[in-house]
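Okay, structure first, notes after.
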Amino acid sequence: MDIRRPEFEVLRRQDHPDRPNAGEQLLELLRDPFSGQLQAASVYSALGISLGFTVFIAILFSFLRPYNQAVYAPKLKHANEKHAPPPLGKAPWSWLTTVIHTREEMLIQQIGLDATIFLRFVRMCRNMFLVLTVVGLAVLVPVHWTESWTAPGDRQQWIIQITPLNVSAAAIWAQVAMAWLFDFVVIGFLWWNYRKILQLRRKYFESDDYQNSLHSRTLMLYDIPRQGCSDEGIARIIDGVAPNSSFARTAIARNVKDLPDLIAQHDHMVRKLEQVLAKYLKNPQQLPPARPTCKPSKKDRAFSTYPRGQKLDAIEYYTSRIRDLEIEIKEVRASVDKRSTMPYGFASYSDISEAHNIAYLCRKKKPHGATVTLAPRPNDVIWTNMPLSSAARSRRRWINALWVALLTFFWIAPNAMIAIFLVNLSNLGKVWPAFNRELAANTTFWGIVQGIASPALTSLFYLALPVIFRRLSIKAGDQTKTGRERHVLAKLYSFFIFNNLVVFSIFSTAWGFVAGVIDRTNDGSDAWRAILDENIALALVTSLCRNSPFWVTYLLQRQLGAAIDLAQIWPLIYAFFLKKFSSPTPRELIELTAPPPFEYASYYNYFLFYATVTLCFAGIQPLVLLATAMYFSIDAYLKKYLLLYRFVTKTESGGVFWRVIFNRFIFAAVLANLVTLLVAWAIGEPNHLQFYAVCPLPFIMVGFKLYCSRMFDDRIRYYSIHSVGQNSEAGQPKESRLRSEKLASRFGHPALYKPLITPMVHQKAQNLLPSVYSGRLTDGREVDGGDLMTVSGYSDVYALSSMQGGQPGKSANGVPGFEYVSESHMDFEYYKNRAEFVDDRGGNEMYGRPDTPASFGEGSEAGGSRPGTPLSGRARTPFGAGSASRADTGYHAFRPPAAAFDQGSRTRSPLYAQENTSSSGLVGNAAAPPLSISPVYRSPSPGDYGRGTPGTASPRISTPGPGPGPSVGAMGGGPQGYSGLAQGEIDTDPDPMQYDYFRGTRPRREPGSGW
C-alpha cells in the first residue's frame, strides 16, 4: 500500500500559516488525547471534590433519613418479622452504627445469600486493596522516584515521575517482585473467601427456608426425547442413572400454546387503559373536551379491519381489546390438552440429599439424551426457553455472541470520539473552525454543555446496555433468570474491559504508531522499514504511563457516585417528575413505594471493572491502589445499608454469582501480569531476564483456579454428593413438609393459573366512570335483565354485587371490573400479598408470613397471600378458593403395587407405600394444572380399568365448565366469569386424561427396561 497518497498530503496543508489544518489536529489528538489536561492538579481537584461532596451528601442523608423512611428504608415497613432489618433510631448517626454492628450471620436471614455474598465480595476488595496499597506505595513509589531520570532542564511532574516511564532497567526488578507479591495476595484473599463462601452455602442448605422449600429436592429435566415426554418417561430416565433411588413424583410440562403472549398483551392493554384513564380523569371536576384516542395494536387480529391511519377512541378500544383477550385466554386455557407434552419436566423427592445425589451423578451424563439438573425456584424459570432443543440453544448462542461482538466493535469509534471531543470541547474547536468561534463567543454555555454532554451520553448508553444484553441472553435460550444475569454480567465485563480499558488505553498508541509511519514515509523512507523502526512495546508503555493519571481521577470520582447512590437522587428525581409533570396511575404510585430490586449484574460489573483497572495499573501508577482502597472502604458500608434497608433480591439464587466473580478476578490478575510482562520487555534489561521471571505467574493463576474448582465447587453446588442409597437419611418421610406440596401448580407454567391483573383507578373518579363507560359495556346486549352492574367486565375479580367491597349494604357508584384505590391506600403495604407486585421484589417469602399454608398456585415459592393484609377498594376473592378440595387431576407420581416394596429390588420411601391409605401422601396432595373439561366423560366401567379403554363422551349436553385450575371468582370473576360468560357445574367424575385413570396396578419396572 502506498501511504504517500494525495489523501495524506491533505493532512499537511494548512488553512492558516500559524495553525495546522484540521487533519493534523485530529491526528495529534488521536495520538495524545489527554495532552495538557491530566496534570497533577486534576488529582488534587478530583480528591477534594469527590471526598467533599461524598461527606456532604452523607451528612445530608443522615439528617433526612429519619423523616423519609418510605424512600430510604422501605424494608423496615414491608418486610416480615423474619426478614426485617434491625430497627433504626432517629439520631442522624444511628444508621451508621447499626450497619457497622450488623454481622454476617444475621445478614443471611435478613437479606438473603446473594446479597450477603455481594457484601462479602465488597469487603474482600476493600481488604485486598488496603494490603496492596500499603505494599505498593511503600515499595514502588520510592523506587520509581529515586530511579527516574530526566533530561537536563526538563521538568517532569511528580505524578509521572512515580511511574516506570523513565526508570533504569535495574529498577524493573521491583516491578517483578511486586507482580509476584500482588498475585499471592490476590490468591490468598480469593482462597480465604472461597472457603467462607462454602461455609455460607452449607448454612444456607441447613436453613429452614431451604429445607422446607420444594425446589431444594426437585430435579429439572430438559431435552427429553419424544418417547420419554411423559410422567413415567421422566422416572425411567432417572432410573437409568440411579436405579436404587426412591420413588419420585414427576410432572411433565404441557403445551400452553400462545397463552404467555396473550397474557402479556392483556397486561399491556390494562396498563395502557390505566394510563389513559389516569390522564383523562386527572381532574374529575373538569374533563378534557376531547376523549383520548389511540392507534389499534398490530397484534390485534382485527387490525386489518380498522381504517388505515385513523385513530380510535382509546377508552373504548382498550376496553374491547381487554375483553376480547380475556375471552381468548379463557378459551385457550380450556383447550390445553394433557396429552400435548413438552420436552421438559420435573421430579420431586422426599429428601434433599437424594435429589442432590442424583443431580451430582447426572452432572456429566445425558441419560437418553436428556439433561438432569437441580431445579431452580419456580419464579426463576424462563418458561419460553424451556422447550428449546439443544441445537436451537447452541445456534442462538452463536448468533447472540455475534451480536455482542458487533456491538462491542462498533462502539470503539463513538467511545473514542466521546473521549476526545466531548470531554474537552476545545479539541472539537481545533478541527472545526466555525465551532471554535462559537465556543469563544459563548464560553459559559458550552462549558455547561461540556460538563453534561459526555457523562449524560455515556450514562444513557450504559443504562441501556444491561437491558440490551438481557434481551440478547433471553433470545440465546437462557433457561433461568439468575443464569441470564450471570451471562449479562459476563458480557458487560467483557464489553467494559475491551472498550473502556484495552481500546481506551491503546488507541492513542495505535494512532501514534500510524502517525509515525506516515511522517517517516513522507520524508522518503520505506514504509516497511518505518514500521520496523517503530518500537511498539515502548510506545504502549509510554501511553499507559501518560494515561495513568486519568485512572486515578476516575477512581477517585467513583466515591461521588457511591454517595449519590446512597442518597437515591435519581429515584427521587424520577418520582418528582412523575408526580408533578405527568399523570401517574395508581399502579405506578404503588410501585414507587415498593422496595426496588438490586441490579447485581451492573454492580458486580462496575466493581470488577474497578478492580481490573487497579490491578493492571498498580505497577505503573501506584496511586490507583490508594484511590480504589478508599472507594471500597466507603462503599462497603453504603452498599450494606442499601441492601439492608432499601433493596431486595429480585430472584434469590443462593449465591451462584461467586464462580463468575472468581473467574473474572483470575482474569484480572492474568491481565495485570501481561502488563507487567510488557513493561519488563520494553524497559527491562536487554537479556529479558525480568520478562522471563514474570512468565510463570499467568500459569500459576490458572492452576489456582483449577485447584479451587476441584476443591470447592461440588460441595458449594450440591447438598450431598454420596452415592444414591448410601445416605442414611434418604427415604425418610417428612409428612409435615409434604402435606401442602403441589408439584404441578408450583412447577407448572404460570400461564395456566396466573390471575389476570385488574385495572386500577383512583377512587376520586369512581362516580365518574359510569358516564365515561355509558353504553359501552354490553355492546347493546342486556345481561341479567338489563342490570349493567352485574356484568363482569374484563377483570379476573368479579364484584359479586353492586355493593362496595367490604361494606355490605352500601351501594357502589362505580363500574364493576375496576379496582378503586383511595389516596391513603396507594402504598405497597396494602398490595404486598399480590403476585403482580411482589414477583420481581423478593417474592412472597420476603413479605408474607413464613408459616402461612399455601393455597393453589401460592406459597413461599409461588407468590401467595398474606392473611390479614388490608386490601383496598373491594373484597378480593382468594386465588384458588374452592379448588383445593377438587379431585386431583394433576401430574402424578407412579404408584407401584405394594408388593414391589417387599421384593427388595428398590429402596422406596415408606411414605409411598402408604400413599393409597394416607391422605398425607405425595400423590394425594399434588395439585392439578388448570386444564380443560370441555366434553363431559362418563366414568369408565370396572372392565375398562387396566385395558386402557377411555371413558366415552356422554350424550348429554353440558355447558363447558372451568378447568381444574383456579376457581370461579379467581380466574374469571363471579358467576358470569370472563366478560359475562356463563359457568357450568364442575363434573366430579374421574378425569380420563390422567395416567392413573387407566392403569390400576403397574408391574414393577426393571432398570434399563426401556420405554
Other residues, nucleotides and ligands only: do more than 12 of their heavy atoms fall within 6.0 Å of [atom1] on [X]?
X      : atom1 : answer
Lys279 : NZ    : no
Phe303 : CZ    : yes
Lys75  : NZ    : yes

Once you round to the nearest 0.5 Å, how far does [atom1] of [X] lie from [atom2] of [Y]?
X      : Y      : atom1 : atom2 : value
Ser582 : Gln275 : OG    : CD    : 9.5 Å
Asp267 : Glu836 : CG    : CD    : 8.5 Å
Leu287 : Ser771 : CG    : OG    : 7.0 Å
Asp300 : Met269 : CG    : CE    : 8.5 Å
Phe818 : Met760 : CZ    : CE    : 12.5 Å
Leu325 : Gln265 : CG    : CD    : 5.5 Å

Can the ring centres of Tyr645 and Trp95 be said to be less than 6.0 Å apart?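 Judged by ring-centre distance (under 6.0 Å), Tyr645 and Trp95 do not meet the cut-off.
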
Does any non-hydrogen side-chain atom of [Y] lie less than 4.5 Å from one of [X]?
X      : Y      : answer
Tyr603 : Asp565 : yes
Thr585 : Arg271 : no
Ile315 : Pro292 : yes
Phe61  : Gln568 : no
Tyr830 : Val821 : no
Asn833 : Tyr847 : no
Cys294 : Tyr318 : yes
Ile57  : Leu566 : no

For [X] and [Y], work out which heavy atoms get closest and say how close.
X      : Y      : answer
Glu588 : Leu578 : OE1-CD1, 4.2 Å
Ala73  : Tyr641 : CB-OH, 4.2 Å
Gly89  : Ser94  : O-OG, 2.9 Å
Arg291 : Asp313 : NE-OD2, 2.6 Å
Leu592 : Lys579 : CD1-CE, 4.1 Å
Tyr831 : His825 : CE1-O, 3.2 Å

Please walk me through it: do Tyr317 and Ser297 pass side chain to side chain contact (heavy atoms under 4.5 Å, CB included)? CA-CA 10 Å; Tyr317 174 73; Ser297 173; 3.6 Å; yes

Under the salt bridge (Lys or Arg N to Asp or Glu O under 4.0 Å) rule, what do Glu485 and Arg470 come out as? Steps first, then yes or no, please. CA-CA 7 Å; Glu485 291 302 299; Arg470 282 192 186 94; 2.8 Å; yes

Under 3.5 Å donor-acceptor, [X] side chain and [Y] backbone:
X      : Y      : answer
Arg65  : Ala91  : yes
Lys282 : Pro584 : no
Gln109 : Lys82  : yes
Arg333 : Ala751 : yes
Arg646 : Val71  : yes

From CA spacing to verdict: side chain to side chain contact (heavy atoms under 4.5 Å, CB included), Val838, Phe828: CA-CA 9 Å; Val838 304; Phe828 181 70; 3.8 Å; yes

Glu328 and Lys299: salt bridge (Lys or Arg N to Asp or Glu O under 4.0 Å), yes or no, with the steps? CA-CA 13 Å; Glu328 190 173 2; Lys299 294 184 178 181; over 6 Å; no

Starting from the C-alpha separation in whole Å, work towards a yes-or-no answer on side chain to side chain contact (heavy atoms under 4.5 Å, CB included) for Asp209 and Glu652. CA-CA 12 Å; Asp209 287 343; Glu652 179 66 44; over 6 Å; no

For Ser335 and Lys257, what are the C-alpha separation, side-chain angles and deciding distance, and is it a side-chain hydrogen bond (donor to acceptor under 3.5 Å, both in side chains)? CA-CA 9 Å; Ser335 65; Lys257 304 179 181 179; 3.3 Å; yes

As a quick check of understanding, evaluate side chain to side chain contact (heavy atoms under 4.5 Å, CB included) for His749 and Leu259, giving each step before the final call. CA-CA 10 Å; His749 201 295; Leu259 262 180; over 6 Å; no

Stepwise salt bridge (Lys or Arg N to Asp or Glu O under 4.0 Å) check, Asp324 with Arg301: CA-CA 10 Å; Asp324 294 342; Arg301 294 181 179 179; over 6 Å; no

Derivation of the salt bridge (Lys or Arg N to Asp or Glu O under 4.0 Å) call for Lys754 and Asp839: CA-CA 12 Å; Lys754 180 181 179 180; Asp839 276 351; over 6 Å; no

Applying side-chain contact (heavy atoms from CB on, under 4.5 Å) between Phe598 and each of Leu642, Ile111, Leu643, Val648, report the one that passes.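 Of the listed options, the one satisfying the test is Leu643.
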
Sort out for me which residue in Arg841, Lys832, Glu829 forms a side chain to side chain donor-acceptor pair (under 3.5 Å) with His78.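 Going through the options one by one, the only one that passes is Glu829.
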
Partner of Thr482 under side chain to side chain donor-acceptor pair (under 3.5 Å), picked from Thr651, Asp114, Asp380, is Asp380

